[in-house]
Student: 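Got a structure for you, questions after.
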2 protein chains.
Amino acid sequence: MDSDRSYGHFCMLAKTLERLGDRWALLVVRDLLLGPKRFTDLMDRMSGITPRTLTRRLRELEADGVVEVDREAGRREVWYRLTPAGHQLQSALGELLLWGLRNVPERPGPDEPVHPEHILRALQLQLESEHVNGGSLDTAVHVPGTGDYRLVADGPQWDLRAEDPNEGPADVTITATRSALVPFLTTSSPRVPAAAGVEIDGKASAIRAFLNAIEAFPLAPAGHSEQGL
Amino acid sequence: MDSDRSYGHFCMLAKTLERLGDRWALLVVRDLLLGPKRFTDLMDRMSGITPRTLTRRLRELEADGVVEVDREAGRREVWYRLTPAGHQLQSALGELLLWGLRNVPERPGPDEPVHPEHILRALQLQLESEHVNGGSLDTAVHVPGTGDYRLVADGPQWDLRAEDPNEGPADVTITATRSALVPFLTTSSPRVPAAAGVEIDGKASAIRAFLNAIEAFPLAPAGHSEQGL
DNA sequence: CTGGATCCATGATGATACTG
DNA sequence: CAGTATCATCATGGATCCAG
């Protein structure tokens with residue numbers, strides 16, 4: 001009967017991990033950082049999770065004040081979103097992701113499921129941590145059927161968010177399918193949008209600025225020389 | 001045979017959590033951040049872990065390049081220490097600990113094992129995140145039989161490290177047993193060192209500066225008014 | 001004594017199928 | 001769409017034992 005999964009230490013890191021250390025828990029938070037999602041939205045992004053486990057994580061995160069549930073009477077959909085405390089996990093997740101970018105040698109397998117949000121988050125953090133100055137570049141990334149995003153630079157700061165449907169035009173607009181966007185972003189330069197099945201619109205100078213900025217996103221393992229040239 | 005604990009996503013956060021997401025893994029890193037430790041040192045700090053689990057975590061962290069093992073022929077002790085990649089986890093652990101300090105309402109149970117290192121780490125992060133200006137205050141914390149530490153301020157920066165045995169004197173020296181130090185630090189002011197069984201030495205002005213600085217360490221849940229006065 | 005290994009019990013998670 | 005139900009497997013905890 002003693003299902004005591006707590007560490008029983010007086011250490012706030014241990015107590016934090018009691019709440020967030022279960023498998024999939026931080027990935028739920030990751031996928032809610034860009035906005036509320038439905039159960040099936042989360043299932044999509046976390047391929048491999050079973051509905052039972054996702055249900056349990058959501059209930060636990062709700063009990064711990066990280067996630068809120070929005071059930072409206074007479075509506076099928078249930079929306080999950082982060083509480084303010086949940087949003088405060090953004091910097092911790094950012095540090096973990098950056099550590100992975102710099103210390104995990106593994107690179108994408110040819111058939112690994114990948115969601116644009118996860119690549120774009122890595123891109124944003126890499127640009128910010130490398131202090132790439134993006135001026136005031138506002139880039140829209142459209143992935144039909146999956147989602148529309150904005151990657152907005154303010155000097156060396158980079159922000160990633162979901163695009164508001166009735167938002168003004170961006171300086172650069174990238175349109176690509178899921179399967180085309182990922183190789184384009186994860187392959188080292190020279191990047192040739194057209195050849196990769198990626199469409200880029202905008203003023204030539206803005207497009208050049210964007211392509212130049214993302215040169216700082218070499219997802220190849222550090223310490224590898226460019227062999228593919 | 002398919003013990004595939006990987007998420008199988010192309011997301012560097014997921015790949016990070018494949019390495020660090022197992023139970024106890026980040027607590028091993030936490031306890032190695034202040035310097036190399038032996039197997040039994042780690043067992044002490046992580047009360048509740050079984051030797052089998054600790055062994056497995058250490059082997060896995062070693063395989064992932066986070067921990068290094070130092071086995072010298074003809075010596076009983078085996079020392080474990082962080083690799084440079086392991087040290088780079090400090091900021092991520094710091095963010096998680098800060099989240100806990102601000103969002104986990106639980107406070108220490110009367111009989112929860114607690115190690116001074118864990119409290120001192122929380123104190124350091126809290127002072128730094130609150131931008132408490134400590135001037136050039138150098139504080140030694142001596143816990144006989146457990147360890148000696150230095151909490152060194154450089155303006156708003158606070159550093160915690162193990163004390164070097166042949167190091168010069170500090171501005172303030174705190175000497176206390178494990179059982180006396182923790183209540184002293186975790187109880188809100190007014191703190192009365194003598195009454196708490198804590199000895200503080202140093203110039204009166206330095207002692208005042210230290211006691212003033214740690215006023216910013218209210219481990220009581222946020223939003224509680226001071227009842228104990 | 002330190003640094004583990006062994007054996008068993010159990011809870012957490014995965015696979016698959018099904019339902020309001 | 002948002003879960004539940006059932007069964008199988010694996011990771012972890014508890015206790016004990018062992019080698020240098």
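In what follows, chains are A, B, ... by sequence order, proteins preceding strands, each numbered from 1. These numbers come from the heavy atoms of this one structure, side chains and all, not from hydrogens, waters or symmetry mates.
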Student: Measure the distance from CZ on B/Arg23 to C1' on D/dC10 and round it to the nearest whole Å.
Tutor: 15 Å
Student: Would you check if there is a donor-acceptor pair between the side chains of B/Glu163 and B/His142 at a distance under 3.5 Å?
Tutor: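 Yes.
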Student: Think A/Thr53 has a side-chain N or O under 4.0 angstrom from the OP1 or OP2 of C/dA12?
Tutor: no
Student: OP1 or OP2 of D/dA2 sitting under 4.0 Å from any side-chain N/O of A/Arg52?
Tutor: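 So the side-chain polar atoms of A/Arg52 never come under 4.0 Å of the phosphate oxygens OP1 or OP2 of D/dA2.
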Student: Do you see a donor-acceptor pair shorter than 3.5 Å between the side chains of A/Thr175 and A/Glu199?
Tutor: no
Student: Roughly, in whole Å, what's the span from CD1 in A/Ile49 to P in C/dA15?
Tutor: 11 Å
Student: So, does A/Tyr80 get its side chain near the phosphate of D/dG3, meaning an N or O under 4.0 Å from OP1 or OP2?
Tutor: yes
Student: Taking the side chain of A/Asp22 as heavy atoms from C-beta outward, which of C/dT13, D/dC1, D/dG14 is closest to it?
Tutor: C/dT13
Student: Rounding to an integer number of Å, can you tell me how far A/Glu60 CD sits from C/dA12 P?
Tutor: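 Roughly 9 Å, once rounded to whole Å.
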Student: One thing to verify: whether A/Glu60 and A/Arg5 come together as a salt bridge, which I'm taking to mean a side-chain N less than 4.0 angstrom from a carboxylate O.
Tutor: no
Student: Rounding to a whole Å, what distance do you find between B/Phe39:CZ and D/dC18:C1'?
Tutor: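 Distance check: B/Phe39 CZ to D/dC18 C1' gives 14 Å.
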Student: How close or far is atom C1' of D/dA2 from atom CE of A/Met43, stated in whole angstroms?
Tutor: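 It works out to 10 Å between those atoms.
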Student: So, is B/Trp24 near the phosphate of D/dG13, with a side-chain N or O under 4.0 Å from OP1 or OP2?
Tutor: yes
Student: For C/dG4, does OP1 or OP2 lie under 4.0 Å from any side-chain N or O of B/Arg59?
Tutor: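 Checking C/dG4 against B/Arg59, a side-chain N or O does come within under 4.0 Å of OP1 or OP2.
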Student: By the 4.0 Å heavy-atom rule, please label A/Arg71 as base, sugar-phosphate, or nothing.
Tutor: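 Sugar-phosphate contact only - A/Arg71 comes under 4.0 Å of backbone atoms but never of a base.
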Student: Which is more 5' along DNA chain D, the nucleotide nearest A/Arg38 or the one nearest B/Arg57? Just name the residue.
Tutor: A/Arg38
Student: Over how many whole Å does the gap from A/Asp70 atom CG to D/dA2 atom P extend?
Tutor: 11 Å
Student: Please state how far atom CE in B/Met46 lies from atom P in D/dG13, giving the value in whole angstrom units.
Tutor: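 Between P of D/dG13 and CE of B/Met46: 11 Å.
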Student: Give a yes or no answer on whether the side chain of B/His9 reaches the backbone of A/Ser47 with a donor-acceptor pair at less than 3.5 Å.
Tutor: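 Indeed, once roles are kept as given, a pair shorter than 3.5 Å links the two residues.
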Student: Looking at A/Glu112 and B/Lys15, does any basic side-chain N land under 4.0 Å from a carboxylate oxygen?
Tutor: yes
Student: Please work out if A/Arg76 contacts a base, only the sugar-phosphate, or nothing of the nucleic acid, heavy-atom cut-off 4.0 Å.
Tutor: base
Student: Distance check needed: C/dT2 C1' versus B/Leu42 CG, whole Å only.
Tutor: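 Going from CG in B/Leu42 over to C1' in C/dT2 covers 13 Å.
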Student: Reckon A/Thr40 has a side-chain N or O less than 4.0 Å from the OP1 or OP2 of D/dA2?
Tutor: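 So the side chain of A/Thr40 is within the cut-off, an N or O lying under 4.0 Å from OP1 or OP2 of D/dA2.
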Student: Using the side-chain heavy atoms of B/Arg56, tell me which of these nucleotides is nearest: D/dC1, D/dA11, C/dG14.
Tutor: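 For the B/Arg56 side chain, the nearest candidate turns out to be D/dA11.
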